[in-house]
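Ligands are counted one by one from 1 in listed order, and the atoms in each one are counted from 1 as well. The model shown is predicted, which means the values in this text are computed figures rather than measured ones.
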Amino acid sequence: MTGRKDVTGRHLSFDDMVATLGDVLRANGCSEQVAQTLATNCASAERDGSKSHGLFRMEGYVSTLRSGWVDGRAIPVVEDVAPGFVRVDARNGFTLPAHDAARALVEEKARQNGIAALAIRNSHHLGALYLDVESYAEKGLIALSVVNSMAVVVHPGSTKPVYGTNPIAFATPRAEGGPFLFDFATSAMAHGDVQVAAKQGRQLPPGTGVDANGAPTQDPNAILSGGALLPFGAHKGTALAMMVEILCAALVGGQYSYEVDWSEHPGAHTPRTGQTLIVIDPTAGAGNLAPFAQRVEALIQEIRSGGPVRLPSEERYPAREAAARNGIAVDAAQWDAILALKAPAQTVTA
Ligand SMILES: NC(=O)C1=CN([C@@H]2O[C@H](COP(=O)(O)OP(=O)(O)OC[C@H]3O[C@@H](n4cnc5c(N)ncnc54)[C@H](OP(=O)(O)O)[C@@H]3O)[C@@H](O)[C@H]2O)C=CC1
Ligand SMILES: O=C([O-])C1=[NH+]CCC1
């Protein structure tokens with residue numbers, strides 16, 4: 001693209017970041033709409049401080065597109081299957097456009113029926129999940145979403161990775177400020193953070209994972225090469241990881257994390273699995289009940305009255321505000337590597 005500002009400083013505006021990431025994705029086979037959606041998601045995560053799912057993921061998106069594993073031009077098919085249920089076949093495309101295609105129908109059903117579920121199959125999710133629920137809470141709805149990925153997590157006691165890192169994201173409106181939301185992997189650590197630690201030569205906290213023999217390890221490289229992550233919270237996180245698999249594979253008609261086979265596509269990083277989203281309208285039939293958002297606020301106030309606590313989503317909004325004021329800080333080497341992805345891949349000849 002010509003005429004775009006060449007950003008060489010250490011801070012980029014959100015819009016410039018989205019525009020450049022979109023260029024990179026289009027240059028690698030994404031349609032205009034898919035490029036815009038992925039670029040916005042990636043830049044939003046970077047802006048909000050979710051570094052493991054921001055710019056860091058661009059190399060994975062591009063390498064997956066180049067491997068032919070994902071269709072960057074897929075047009076999702078939305079199926080209106082029941083009063084409170086929407087299914088989407090993402091047609092081997094990214095999850096985010098599938099989500100966008102169903103958004104209006106899901107919201108309409110949630111408002112009509114009080115609750116609606118969205119089940120997406122045949123889809124690739126490599127991003128931060130909170131962005132999929134936040135927009136519903138901004139419109140007064142409660143949203144809960146789960147996504148499975150690739151088998152990199154063992155059931156404690158087993159040496160066979162079965163689960164993905166399977167995040168859960170929840171967002172709810174509150175009476176004051178932006179939605180209360182949380183979003184984290186059900187593994188002891190996101191796989192992206194293990195990769196970041198390996199790059200930086202950092203050891204991991206005890207309990208993060210096991211090596212190829214099933215022995216506990218704090219070495220990220222041992223986890224990445226034949227080892228696996230553990231779920232967080234022993235049997236509790238393990239059961240949640242299993243729940244996510246059931247909701248994202250059995251329910252949606254898609255693949256379990258352990259069924260993902262991208263061996264024919266070297267360079268693929270985006271698991272082809274599924275995602276489920278549940279949206280609730282808290283005003284449905286509420287009648288004389290206390291206003292929902294005020295009840296949420298009451299809980300938050302009670303928690304705060306006990307001491308200087310840190311609640312989920314408390315760092316996200318200040319990070320976003322700082323980015324709006326100062327731009328998003330970028331690492332120059334990382335940004336240069338992303339810009340280089342606009343050029344066609346080099347064919348290595350012997
Ligand atoms: N697409 C996929 O398949 C996958 C995506 N991911 C994504 O990776 C991202 C990071 O996941 P993960 O590393 O597990 O998340 P973290 O362990 O970093 O936890 C993040 C959440 O916990 C909150 N939080 C963090 N520290 C505290 C604290 N001390 N007290 C209270 N709340 C706290 C954060 O709030 P705040 O909002 O303020 O930061 C945020 O809501 C997520 O966005 C997730 O969706 C992970 C796995 C797979
Ligand atoms: O960090 C992670 O665990 C993952 N992010 C996308 C797929 C898995």
Would you indicate whether the side-chain heavy atoms of [Y] and [X] approach each other to under 4.5 Å?
{"X": "Ile338", "Y": "Leu21", "value": "yes"}
{"X": "Lys342", "Y": "Leu339", "value": "yes"}
{"X": "Asp80", "Y": "Phe85", "value": "no"}

Enumerated ligand 1 atoms positioned under 4.0 Å from heavy atoms of [X]:
{"X": "Thr165", "result": "47 (C), 48 (C)"}
{"X": "Phe182", "result": "41 (O)"}
{"X": "Glu314", "result": "38 (O)"}
{"X": "Asp193", "result": "13 (O)"}
{"X": "Ala128", "result": "43 (O), 45 (O)"}
{"X": "Ser149", "result": "3 (O)"}
{"X": "Ala190", "result": "13 (O)"}

Can you confirm, on distance only, whether ligand 1 has an N/O atom lying under 3.5 Å from any N/O atom belonging to [X]?
{"X": "Leu129", "result": "yes"}
{"X": "His125", "result": "yes"}
{"X": "Pro167", "result": "no"}

Does ligand 1 have an atom that lies less than 4.0 angstrom from a heavy atom of Ala169?
no
Would you kindly specify which portion of [X] sits under 4.0 Å from ligand 1, judged on non-hydrogen atoms: side chain, backbone, both or neither?
{"X": "Ala185", "result": "both"}
{"X": "Asp48", "result": "neither"}
{"X": "Arg310", "result": "both"}

By side-chain contact (heavy atoms from CB on, under 4.5 Å), Leu204 pairs with (sequence neighbours left out) Met189, Val194, Ala197, Thr208, Pro220, Ile223
Please round to the nearest 0.5 Å and tell me the distance separating atom [atom1] of [X] and atom [atom2] of [Y].
{"X": "Leu65", "Y": "Arg26", "atom1": "CG", "atom2": "CZ", "result": "13.0 Å"}
{"X": "Leu144", "Y": "Phe170", "atom1": "CG", "atom2": "CZ", "result": "7.0 Å"}
{"X": "Leu141", "Y": "Ile280", "atom1": "CG", "atom2": "CD1", "result": "9.5 Å"}
{"X": "His269", "Y": "Leu126", "atom1": "NE2", "atom2": "CG", "result": "8.5 Å"}

Hey, mind stepping through Tyr61 and Phe94 against ring-ring contact (aromatic ring centres under 6.0 Å, His included) and telling me if it holds?
CA-CA 10 Å; Tyr61 279 122; Phe94 292 103; 5.6 Å; yes
Would you mind finding which of His53, His124, Glu315 brings a heavy atom closest to atom 9 (C) of ligand 1?
His53
Counting heavy atoms only, which of Asn148, Asp183, Thr95 is nearest atom 42 (C) of ligand 1?
Asp183
What pairs of residues pass the salt bridge (Lys or Arg N to Asp or Glu O under 4.0 Å) test when at least one of them lies in residues 160-187, not counting sequence neighbours?
Arg174-Glu297
Heavy atom of the protein closest to [atom] (residue, atom name, distance):
{"atom": "atom 35 (O) of ligand 1", "result": "Ser313 N, 3.2 Å"}
{"atom": "atom 10 (C) of ligand 1", "result": "Ser52 OG, 4.1 Å"}
{"atom": "atom 15 (O) of ligand 1", "result": "Phe184 CB, 3.5 Å"}
{"atom": "atom 1 (N) of ligand 1", "result": "Gly127 O, 2.9 Å"}
{"atom": "atom 39 (O) of ligand 1", "result": "Arg316 NH2, 3.4 Å"}

With a 3.5 Å distance limit and no angle check, can you tell me whether Ser50 reaches the backbone of His53 through a side-chain donor-acceptor pair?
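Such a contact is absent between Ser50 side chain and His53 backbone.
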Does the His265 side chain pair with the main chain of Ser67, one donor and one acceptor, at a distance under 3.5 Å?
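Looks like yes, one N/O pair under 3.5 Å.
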Please produce the table of protein N or O atoms sitting under 3.5 Å from N or O atoms belonging to ligand 2, one pair a line, distance to 0.1 Å.
residue: ligand 2; atom: 1 (O); partner: His53; partner atom: NE2; Å: 3.1
residue: ligand 2; atom: 1 (O); partner: Arg57; partner atom: NH2; Å: 3.0
residue: ligand 2; atom: 1 (O); partner: His191; partner atom: N; Å: 3.2
residue: ligand 2; atom: 1 (O); partner: Gly192; partner atom: N; Å: 2.8
residue: ligand 2; atom: 3 (O); partner: Thr165; partner atom: OG1; Å: 2.6
residue: ligand 2; atom: 3 (O); partner: His191; partner atom: N; Å: 2.7
residue: ligand 2; atom: 5 (N); partner: His53; partner atom: NE2; Å: 2.8
residue: ligand 2; atom: 5 (N); partner: Arg57; partner atom: NH2; Å: 3.3

Hey, can you tell me if His124 and Trp69 have their rings parallel, tilted or perpendicular (30° and 60° cut-offs)?
perpendicular
How are the rings of Phe184 and Phe182 set relative to one another: parallel (under 30°), tilted (30 to 60°) or perpendicular (over 60°)?
parallel
Joint hydrophobic cluster, Leu240 plus Ile278, side-chain heavy atoms closer than 4.5 Å
yes
Taken in chain and number order and not counting sequence neighbours, the residues that satisfy ring pair (Phe, Tyr, Trp, His ring centres under 6.0 Å) with Tyr136 are none
